[in-house]
> 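Quick one: this structure, given as structure tokens, is what I'll be asking you about.
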Amino acid sequence: MELQQHLGHPHPLVFHPEMNHQSEETICCFGCKRKGKGPNFSCSECGFFLHKGCAEAPIEIQHHPFHRDHPLILRQLSSIEEQGGDYCKVCHCYIGEQFSYCCSSCKIAFHLKCSLLQRDTSGNFIEILHRTHQHPLLLMDNQNFLLKYRECFGCSTELVNDSYGCFDCNIFFHKKCVELPIKISHPYHRKHQLILESDFCFCNLCQVSHSGLFYRCSICNLDFHSECLPPSVIKDKKHHEHPFTLLLRPNSFTCDACDTQGDNVSYICSTCNIQVHKDCISLPRFIRLTLHRHPLSRNFFLSIHFHDSRTWDCRICYKKINMEHGSYCCSRPNCEFVIHVKCAISWENKFWYDITELENPDEFKELDESGNLIFRVLRETKVGDNVVAAEIIHSSHDQHSLTFNDEINDNKHCNGCMMPISSSFYYCSCCDFFLHKACAELPRRTLLWFPQSSFRLLTDGIFKCWLCDYDCSGFSYKTANGLVVCLRCATTPHNFTYQAKEPHYLFYDAENVSNCSACGRRRDRKGSYICKDCNFVLNSGCVTLPKKARHNFDEHPLKLVYEDNNDYPLHHWCDICEKERDSKFWFYHCKVCDNAMHPKCVLGEYPFIKLGSKYKYKGHPHPLSFIQKIDYHPLCEKCREPCQDLSLECEEHGCNFVGHWKCLRVFSEVYSYHH
């Protein structure tokens, strides 16, 4: 079937009853700019494409409800600005290069999709009168631009299906909300009938006030949002095999699904003998989260699942789990991972642990990290009973090979995590390059317990860690949408035992805003590590502080100390900055010289940027490298102050460009990468 010369198009258009799946994602309709779906007309010579509905749109519409005074004329792309302006009169969005209906007399225009309202068999627009609204309501399909990002006035939820709307008042209703009965008898209020109204009301069920459709008993002065009145029976076999029946009692109850209190309205399953909130009926049977690598299944009675009477802690909040109420636990045999239902459905936790619903646990696929390493073994050796790679080529330093060494050397720092060398490592015999064995063996792609599905390892660049907020060089893990974390944060688990003055079992609490036990500062944004058994708290910056450090003020290694037991007031001073220390907070100490120092004075403002690292500054044509001037302090190109702090210096011979890092740094999550 061919349609000749549509809207002046010079080639014939061929009809296609269906669109192939590949074309749906790549082709857009020239009429409405929506993706190609369903029946369509297309031009084989130039790629011109129209949905069937757009191609068959009438050339002229008389007495359109949006503009009854004059006819609306269908215009193609070149005529929009001449005939009706740039913006749709209905949805107020830019029209751009697509078809529109215009009134040349009034100089107004409407999107094609905003204009094509539904009609009855006689060709008339479908309008209804509703007792809750003074104007006629027009029926619109869900493709209408006017419905995009709008909420139903009746129930305050998103408009996803065909809807009714009033253009004059700019309010819209779901079709199902308009079709609500005017009068009902409901078991929640058996005394009198309830009458449908539309206004601002305080709901006696949900205890929330908002505008919309509600049912009122004027005799008892009771109001109920239309969406709050519970149905008598709920059948949802996707989430539970038996129907739930409404139970109305003026008593509180403990929900068997989420172990929280409920009032008045509940649902019972007489087969399973459980009582739950209405919202808990639709809890997913299976979920996945980044904190655990197996799918989790919902259980109403944990004691039946594990067949014993042990007590269990939730692996998110580390509070006790009630064995007689609902939880999510690992679906794999012999895996004892359990979390509260309320922790699983928390919006905060859904972000942090990327909690998503699974239709079936068989959908779950673990990330395969085999063949995912970024080094090549040149030679192996035996260390004790283990065979290790004695010499490797690592992608972060492929110009030289790296040699294995298992002697601790805390005078040197790992180029991956920027921490002192505290375990077996690889080193370059030709240059100052070191990698912990654990850092060298990190996979190219992995899952972390933070949000996002997959992280990719980057081995170069200067960046700001999303979690600890430090500026860093070295290795990092990055997501597809740009979230970057340093290796120290990436390799710190969600829960572990931290050995301070005494051992503390820590876990990450995303909502915690307590002061850090190490530095006294509070983090309002990203939570902290907190002790399961006491008030001990560490933020992400302090939990990765090196246990040992060095500073040129003292020739001996400095040890991180967690409490100052010396009561002598003159002892509570920093020997570097000569300012007072708070004895409650951590400090570095030299046992030989009895020097005590603030961690920031020992480590500096930027402890995790290695001197000599490269940086490309967009305001300078040559590559720059990080330096720390000791004897000679040139003036910063930006602030004209001496460069005594961490600075950048041009590597180009004859160029004297130099500047403070704090002056040149770009304020974004990732500053610069070099590959």
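The structure presented is a predicted model; accordingly, all values stated were derived computationally and were not measured. Numbers here are sequence positions counted from 1.
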> Assess the residue pair I184 and L229 against the criterion (side chain to side chain contact (heavy atoms under 4.5 Å, CB included)); give the C-alpha distance rounded to whole Å, side-chain angles, the decisive distance to 0.1 Å, and a yes or no.
CA-CA 11 Å; I184 63 169; L229 284 172; 3.7 Å; yes

> Tell me whether K237 is salt-bridged to E241, with the criterion being a basic N under 4.0 Å from an acidic carboxylate O.
no

> Establish, yes or no, whether a centroid distance under 6.0 Å links the rings of F496 and H504.
no

> Which distance, rounded to the nearest 0.5 Å, do you find between the CD1 of I274 and the CD1 of I268?
10.0 Å

> Kindly give the heavy-atom pair with the smallest separation between V338 and C329, and that separation in Å.
CG2-CB, 4.0 Å

> Kindly give the heavy-atom pair with the smallest separation between T132 and S198, and that separation in Å.
CB-CB, 3.3 Å

> Is the distance between the ring centroids of H225 and F214 less than 6.0 Å?
no

> Mind listing the closest non-hydrogen atom pair of L112 and C54 along with its distance?
CD2-SG, 3.5 Å

> Which residues pass the side-chain contact (heavy atoms from CB on, under 4.5 Å) test with R131, sequence neighbours left out?
I182, I195, E197

> Test side chain to side chain contact (heavy atoms under 4.5 Å, CB included) on I61 and F125 and set out the steps.
CA-CA 11 Å; I61 302 178; F125 294 106; 3.9 Å; yes

> For F202, which residues count as a side-chain contact (heavy atoms from CB on, under 4.5 Å) partner, sequence neighbours excluded?
Q207, S209

> Please round to the nearest 0.5 Å and tell me the distance separating atom OG of S270 and atom CG of L247.
11.5 Å

> Determine the interplanar angle of the H494 and Y318 rings, folded into 0 to 90°, and report it as parallel if under 30°, tilted if 30 to 60°, perpendicular if over 60°.
parallel

> Looking at the rings of F110 and Y101, which for Trp means the six-membered one, are their centres under 6.0 Å apart?
no

> Can you tell me how far apart SG (C317) and NZ (K342) are? Round to the nearest 0.5 Å.
6.5 Å

> Angle between ring planes, H294 versus H292, binned at 30° and 60°: parallel, tilted or perpendicular?
perpendicular

> Please lay out, stage by stage, how C169 and H135 fare under the test side chain to side chain contact (heavy atoms under 4.5 Å, CB included).
CA-CA 8 Å; C169 301; H135 304 133; 3.2 Å; yes

> Measure the spacing between CG of L196 and CG of L213 and express it to the nearest 0.5 Å.
5.0 Å

> Could you go through F286 and H239, starting from their C-alpha distance and side-chain angles, then the distance that decides it, and tell me whether this counts as ring-ring contact (aromatic ring centres under 6.0 Å, His included)?
CA-CA 9 Å; F286 303 98; H239 298 104; over 10 Å; no

> With side chain to side chain contact (heavy atoms under 4.5 Å, CB included) as the test, would you mind laying out the steps for R285 and S297 before giving the verdict?
CA-CA 6 Å; R285 287 189 176 186; S297 61; over 6 Å; no

> Quick check on the 6.0 Å ring-centre criterion: do F224 and Y215 meet it?
no

> Is it true that D199 and R216 make a salt bridge, defined as a side-chain N closer than 4.0 Å to a carboxylate O?
no

> Between H16 and N40, does any side-chain donor sit less than 3.5 Å from a side-chain acceptor?
no

> Taking the basic N atoms (NZ, or NE/NH1/NH2) and the acidic carboxylate oxygens, is any pair closer than 4.0 Å for K319 and D313?
no

> Could you give the distance from SG (C314) to CD1 (I316), rounded to the nearest 0.5 Å?
5.5 Å

> Residues two or more places apart in sequence or in another chain: which of them pass side-chain hydrogen bond (donor to acceptor under 3.5 Å, both in side chains) with S514?
N512

> Any chance you could measure H189, atom NE2, to L222, atom CG, to the nearest 0.5 Å?
5.5 Å

> Have N495 and Y505 got a donor and an acceptor in their side chains that come within less than 3.5 Å?
yes

> Just to verify, what does K235 make a side-chain contact (heavy atoms from CB on, under 4.5 Å) with, not counting sequence neighbours?
V233, P243

> Do we see a donor-acceptor contact under 3.5 Å between the side chains of S156 and E151?
no

> Side chains of residues 171-178: which donor-acceptor partners sit under 3.5 Å, not counting sequence neighbours?
{"from": "H174", "atom 1": "NE2", "to": "E158", "atom 2": "O", "distance (Å)": "2.8"}
{"from": "K175", "atom 1": "NZ", "to": "E179", "atom 2": "OE2", "distance (Å)": "2.8"}

> Go through the structure and list residues passing side-chain contact (heavy atoms from CB on, under 4.5 Å) with A344, not counting sequence neighbours.
I287, Y328, I339

